[in-house]
Amino acid sequence: MIAKRYEPFWKTTPMAQMTTQEWESLCDGCGKCCLQKLADDETDEVYYTNLSCHQLDIGACRCKVYDKRLEKVEGCLSLTPEDVSKFDWLPDTCGYRVLHETGDLPNWHPLVVGSDREMKRQGLNVSHYAVNENTVDEEDWQEHIIKWVHGMPEPYDPS
Ligand code: SF4
Ligand code: SF4
C-alpha cells in the first residue's frame, strides 16, 4: 500500500484562511523587518540599515514588547494576509514574502526544519550584525545602509 503524502498547511491553505497560529508561524524570526529603513527623498526607494529598533532583543531576535508593539513603537506594523501583495518591502528571505511569491517556504525555514537550527547555522537572522538604533546618531544612519546578498548583509552606498 502506498502511504498518502502529507502536505504541510502552508502549501494547502491560502494565507487568508490560515489560523492566527499558522499565520504567525510563517515568520522565521529573522528580525530583518525590525531594522530601521531610510527612504530616498527623490525616488522613495527604501534602504535597510543594520540598525535595529530599540525594542528588539538582538541576541534572541525577539521583540521585547510584541503584544504592545503597535502602541509602543510608531511605525511598527502588523502583517496581515490582506496586505500580502504589498510585502515587496520585506526582505527577500522573509517567510511571508517567499510563500506569497513562490507558494512554498525555503528549505532552512523553522517550519520545514523543525527548529531554527538551520537558520542560525546559515547566519540568516540579524543577531550577528544588528546594532541598537539608540547607539548611533541619526545623522550617521546613512553609513549603516546595507543590502542583502543571499540573505547576508553587505555595506551599501546608494549615492
Ligand atoms: S522579515 Fe519576515 S520572517 Fe523576518 S522577522 Fe520580519 S516578518 Fe518575520
Ligand atoms: S516594536 Fe518590536 S516588532 Fe516592532 S519593529 Fe520594534 S522590535 Fe520589531
Side-chain angles (χ1 to χ4, degrees), residues 8-11 13-39 45-138 141-142 144-156:
F9 77 87
W10 61 88
K11 288 191 184 181
T13 311
M15 284 176 160
Q17 291 172 24
M18 288 180 184
T19 64
T20 303
Q21 190 180 7
E22 288 170 339
W23 172 256
E24 295 273 327
S25 70
L26 297 178
C27 173
D28 55 49
C30 69
K32 288 175 177 168
C33 62
C34 300
L35 297 176
Q36 291 292 2
K37 301 142 200 88
L38 295 175
E45 187 148 359
V46 174
Y47 300 100
Y48 275 84
T49 72
N50 72 337
L51 301 171
S52 74
C53 168
H54 61 283
Q55 295 290 8
L56 184 72
D57 176 337
I58 293 175
C61 259
R62 288 282 176 269
C63 177
K64 292 185 271 189
V65 292
Y66 190 74
D67 291 340
K68 293 188 173 171
R69 66 195 189 284
L70 303 181
E71 56 194 85
K72 291 265 185 192
V73 174
E74 192 183 343
C76 182
L77 297 172
S78 179
L79 303 179
T80 64
E82 293 73 37
D83 292 332
V84 75
S85 62
K86 302 177 200 154
F87 283 2
D88 56 351
W89 63 273
L90 286 165
D92 60 9
T93 56
C94 171
Y96 294 105
R97 184 171 164 187
V98 175
L99 182 60
H100 173 62
E101 292 179 356
T102 71
D104 202 354
L105 292 172
N107 59 7
W108 47 259
H109 194 284
L111 283 176
V112 177
V113 177
S115 74
D116 61 2
R117 178 184 73 240
E118 191 56 23
M119 268 196 82
K120 284 184 173 161
R121 191 187 71 76
Q122 295 191 31
L124 289 167
N125 65 38
V126 305
S127 56
H128 61 102
Y129 61 87
V131 175
N132 187 314
E133 61 179 336
N134 286 347
T135 65
V136 177
D137 285 342
E138 269 195 52
W141 281 19
Q142 192 157 343
H144 287 261
I145 290 175
I146 55 167
K147 66 174 178 179
W148 282 295
V149 179
H150 304 303
M152 303 300 283
E154 289 197 356
Y156 184 60

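One-based numbering, in listed order, for ligands and for the atoms of each.
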(message) Donor-acceptor pair, distance only, cut-off 3.5 Å: does the side chain of Tyr96 make one with the backbone of Trp23?
(response) yes
(message) Any non-hydrogen side-chain atom of Cys94 less than 4.5 Å from a side-chain atom of Lys32?
(response) no
(message) Just to confirm my output: which protein heavy-atom neighbour is closest to atom 8 (Fe) of ligand 2, and how far is it?
(response) Cys34 SG, 2.3 Å
(request) Check ligand 2 against Arg69 and write out every atom of the ligand that is under 4.0 Å from a heavy-atom position of the residue. (result) 1 (S), 3 (S)
(request) Please check if the side chain of Arg69 supplies one atom and the backbone of Tyr66 the other of a donor-acceptor pair under 3.5 Å. (result) yes
(message) Within the 3.5 Å criterion, strictly below it, is a donor on Thr19 or Gln21 matched to an acceptor on the partner's side chain?
(response) no
(request) Can you list, by chain and residue number, the protein N, O or S atoms under 2.8 Å from atom 2 (Fe) of ligand 1? (result) Cys94 SG
(message) Can you see whether Asn50 engages His144 through a side-chain donor-acceptor pair at a distance of less than 3.5 angstrom?
(response) yes
(request) Report yes or no: do Asp104 and Thr102 form a side-chain donor-acceptor pair below 3.5 Å? (result) no
(message) With a 4.0 Å cut-off on N to O distance, would you call Asp92 and Arg97 a salt bridge?
(response) no
(message) At less than 4.0 angstrom from any non-hydrogen atom of Val73, what atoms of ligand 2 do you find?
(response) 1 (S)
(message) Could you tell me if Asn132 and Thr135 have a donor-acceptor pair between their side chains, going purely by distance under 3.5 Å?
(response) no
(request) Find all atoms of ligand 2 within a distance of less than 4.0 Å from any non-hydrogen atom belonging to Leu56, and give their numbers and elements. (result) 7 (S)
(request) Find all atoms of ligand 1 within a distance of less than 4.0 Å from any non-hydrogen atom belonging to Gly31, and give their numbers and elements. (result) 4 (Fe), 5 (S)
